[in-house]
Amino acid sequence: VGNLDRNEFEGTVSASGAAVTLKDRSDLSLGTVTATDTTAIEAKGSVTVATGSKVKVGDFNEATLAVNDSKALTLTAGKGVTVAGDVGASGAATVKANGGALAVTGGRLVAGGDLEATATGAATLSGAAFVGGKGKATLSAKSAALSDAANLSAVGDVKVMATDAVALNGTSKVGSDASVTLEGAGVTGESGSTVRAGTTLGVTATDGAISLAGETSAKGAATFDAGTKDVTVGNLDKNEFEGTVSATGAKVTLEDKSDLTLGTVTATGALVAEAAGSLTANGAVSGVGVTLKGGKDVTVASGSTVRSGAFSVNESTGEVKGLGAATTLKIEAGEAVSVAGKAGSSGSVDVDAGTTLGVSGLLGAAASDGTTTLDAGGAATVSGTVAGNGTLTVGGTKAPATLGVSGRLVSKGDLAATASGAVSLTGAGKVGSDKGVKIKGSGVTGEAGTTVRAGTAATGDSLSVTATDGAISLAGETSAKG
């Protein structure tokens, strides 16, 4: 029944056959349409599939979407499309609202193959609506909103693309056994919402913030890009990222209920990354004020950088020079902290390790009035460089069990290094400051080739070495100007 310019059906239209073609020059309301072959439905006005109505093309299990053939459905409206009943095809399904909104209000829009749904207006999925299928699923519209218990899911890649906002409200879900892509002017998800990617996840906000307060997970790499706006992916109890997480934004917040690995993370404001398990920085991580927190370990991997604010590093001396406003880098771990890469701040550095602390790379603080504080519940070792332009304190509030220095522990301000057990300098280990130095442990030893230095000719600051339960034996170079 294929005359688009002349056909007009003012009541409900039902049809049954092999290949079915239905066209209407105005609005079209569908009753029950069943077809065993490829089917095309088109209206110059709107198309409505009311509650209790059904459009079924091909042979497939409506409950499981198990496909027995691959017959396609095309449904096109010159205005809007409303689906309150069931619409499905065993093959590909294409639904187009070329002059208005697409609304799936508690109904089902499914395909055994790929599903493509587009609207020039808003796309809304509400109630218990289900959109998706066995292939890929793409939803493109001016704006896209899922509410109530609406579900957009597929076995293949899922894409939600909007020129305006993408919003997941209520307990709505977007999921795929493959990749998920969300893109809109802003992308938001309420606390009850779910975004699940079986492989990679990509979320892009072209003119607004990313704020996902519900459950967000990806088995592959996850990327969040909000440009100059905030990125907040903040559910510590439910989020789970099994691959590397990268993000770009103003303020950036990333949370994971298990382990979290950071790739390239760039924040022009504060950056807070927290994992209930272990947290690893495995790329270029930067922000203006950076906090890395792990319920277990926190690691700055070899070759990686963590930068809070702007500063430069003299690789030969380890000197850190601030290039902008002073900021703070804070690293907190329930268990071990390991800095094998480079980590630093234009202001201060605060490290708190529940168990061991190891610096085999570089850790530095640039501000002359800043502080570098290292606390550990277990052994602390410095085989790389720890450098501060201000004061440097090891064991200020939580003294490490032992302190071993085979690298450089140096500052321009006062330096105090305290361990509950032994303090030992080995190899070419160096402890030094342009001001005063205080070293305290159960015993304090330094091999030949090590250096302990306090003060300069200008400052004349003193050196204090205390052994609470053992000997002091410094066989290397030891000097004090005061």
Side-chain angles (χ1 to χ4, degrees), residues 101-102 104 117-119 121-126 129 131-132 136-154 157-176 178-218 220-236 238-241 243-256 263-269 271-273:
L102 168 63
V104 185
T118 62
T124 57
L125 281 60
S126 59
V131 175
K136 300 177 182 179
T138 302
L139 176 63
S140 303
K142 188 175 188 298
S143 63
L146 283 70
S147 60
D148 305 320
N151 188 346
L152 173 59
S153 297
D157 299 332
V158 170
K159 294 182 178 181
V160 180
M161 315 291 287
T163 53
D164 292 343
V166 173
L168 279 69
N169 303 316
T171 57
S172 60
K173 298 179 181 180
V174 173
S176 171
S179 68
V180 171
T181 301
L182 304 178
E183 181 175 326
V187 180
T188 60
E190 293 182 347
S191 60
S193 65
T194 301
V195 177
R196 177 189 60 83
T199 58
T200 60
L201 169 64
V203 182
T204 303
T206 58
D207 191 32
I210 295 172
S211 178
L212 299 174
E215 177 181 344
T216 306
S217 64
T223 303
F224 303 93
D225 186 354
T228 59
K229 302 301 194 312
D230 295 347
V231 173
T232 306
V233 189
N235 194 318
L236 188 61
K238 294 184 177 180
N239 291 346
E240 185 165 17
F241 302 105
T244 300
V245 178
S246 299
T248 302
K251 295 179 181 179
V252 174
T253 300
L254 302 169
E255 294 181 350
D256 193 307
T264 300
V265 180
T266 304
T268 56
L271 165 62
V272 178

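When reading the values below, keep in mind they use all heavy atoms of this one structure, side chains included, and skip hydrogens, waters and symmetry mates.
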- Message: Nearest 0.5 Å, please: how far is OG1 in Thr216 from CZ in Phe224?
- Response: 6.0 Å
- Task: Grab the two heavy atoms, one from Ala162 and one from Ala144, that are nearest each other, plus how far apart they are.
- Result: CB-N, 4.0 Å
- Here the gap from Thr248 atom OG1 to Lys229 atom NZ, rounded to the nearest 0.5 Å, amounts to 14.0 Å
- Does a side-chain heavy-atom distance below 4.5 Å link Val252 with Val265? yes
- Does Val160 reach the side chain of Leu152, with side-chain heavy atoms less than 4.5 Å apart? yes
- Query: Stepwise, does the side-chain contact (heavy atoms from CB on, under 4.5 Å) test hold for Leu168 with Val174?
  - Reply: CA-CA 8 Å; Leu168 279 69; Val174 173; 3.8 Å; yes
- Message: By the definition side chain to side chain contact (heavy atoms under 4.5 Å, CB included), identify the one residue from Lys173, Arg196, Lys238 that meets it with Glu215.
- Response: Lys238
- Measure from the side-chain N and O atoms of Thr232 to the backbone N and O of Ser211, and report whether any donor-acceptor pair falls under 3.5 Å. no
- Looking just at side-chain N and O atoms, do Ser179 and Asp157 make a donor-acceptor pair shorter than 3.5 Å? yes
- Query: If you take all heavy atoms of Ala101 and Ala119, which pair is closest and at what distance?
  - Reply: C-CB, 4.3 Å
- Kindly determine whether Thr181 and Met161 satisfy side-chain contact (heavy atoms from CB on, under 4.5 Å), including the steps that lead there. CA-CA 8 Å; Thr181 301; Met161 315 291 287; 4.1 Å; yes
- Query: Sub-3.5 Å donor-acceptor pair from the side chain of Asp225 to the main-chain atoms of Gly227, do we have one?
  - Reply: yes
- Shortest non-hydrogen contact from Gly186 to Ala205? CA-CB, 4.0 Å
- Determine, stepwise, if the pair Thr268 / Thr228 fulfils side-chain contact (heavy atoms from CB on, under 4.5 Å). CA-CA 8 Å; Thr268 56; Thr228 59; 6.0 Å; no
- Tell me, do Leu201 and Val195 make a side-chain contact under 4.5 Å, heavy atoms counted? yes
- Task: Check Gly214 against Asn235 and note the closest heavy-atom contact, atom names and distance.
- Result: O-CB, 3.2 Å
- Note on the structure: Correct closest heavy-atom pair for Gly132 and Ala137 would be CA-CB, 4.4 Å
- Message: Could you check whether Asn151 and Ser153, counting side-chain N and O atoms only, form a donor-acceptor pair closer than 3.5 Å?
- Response: yes
- Query: At their closest point, which heavy atom of Phe241 faces which heavy atom of Ala222, and how far apart are they?
  - Reply: CD2-CB, 3.9 Å
- Message: Salt bridge or not between Asp164 and Lys142? Use side-chain N to carboxylate O under 4.0 Å.
- Response: yes
- Message: I need the Ser172 OG to Leu125 CG distance, nearest 0.5 Å.
- Response: 9.0 Å
- Message: What I'd like to find out is whether the side chain of Lys251 reaches to under 4.5 Å of the side chain of Val231, using heavy atoms alone.
- Response: no
- Message: Return the CG to OG1 distance between Leu271 and Thr266, rounded to the nearest 0.5 Å.
- Response: 9.5 Å
- Task: To the nearest 0.5 angstrom, please state how far the CG atom of Leu139 sits from the CG atom of Leu102.
- Result: 6.5 Å
- Query: At what distance, to the nearest 0.5 angstrom, does CG of Asn169 lie from CD of Glu190?
  - Reply: 4.0 Å
- Task: With the side chain counted from C-beta on, respond yes when Thr253 and Val233 share a heavy-atom pair under 4.5 Å apart, and no when they do not.
- Result: no
- Validation row: Leu212, Val187 side chains within 4.5 angstrom (heavy atoms): yes
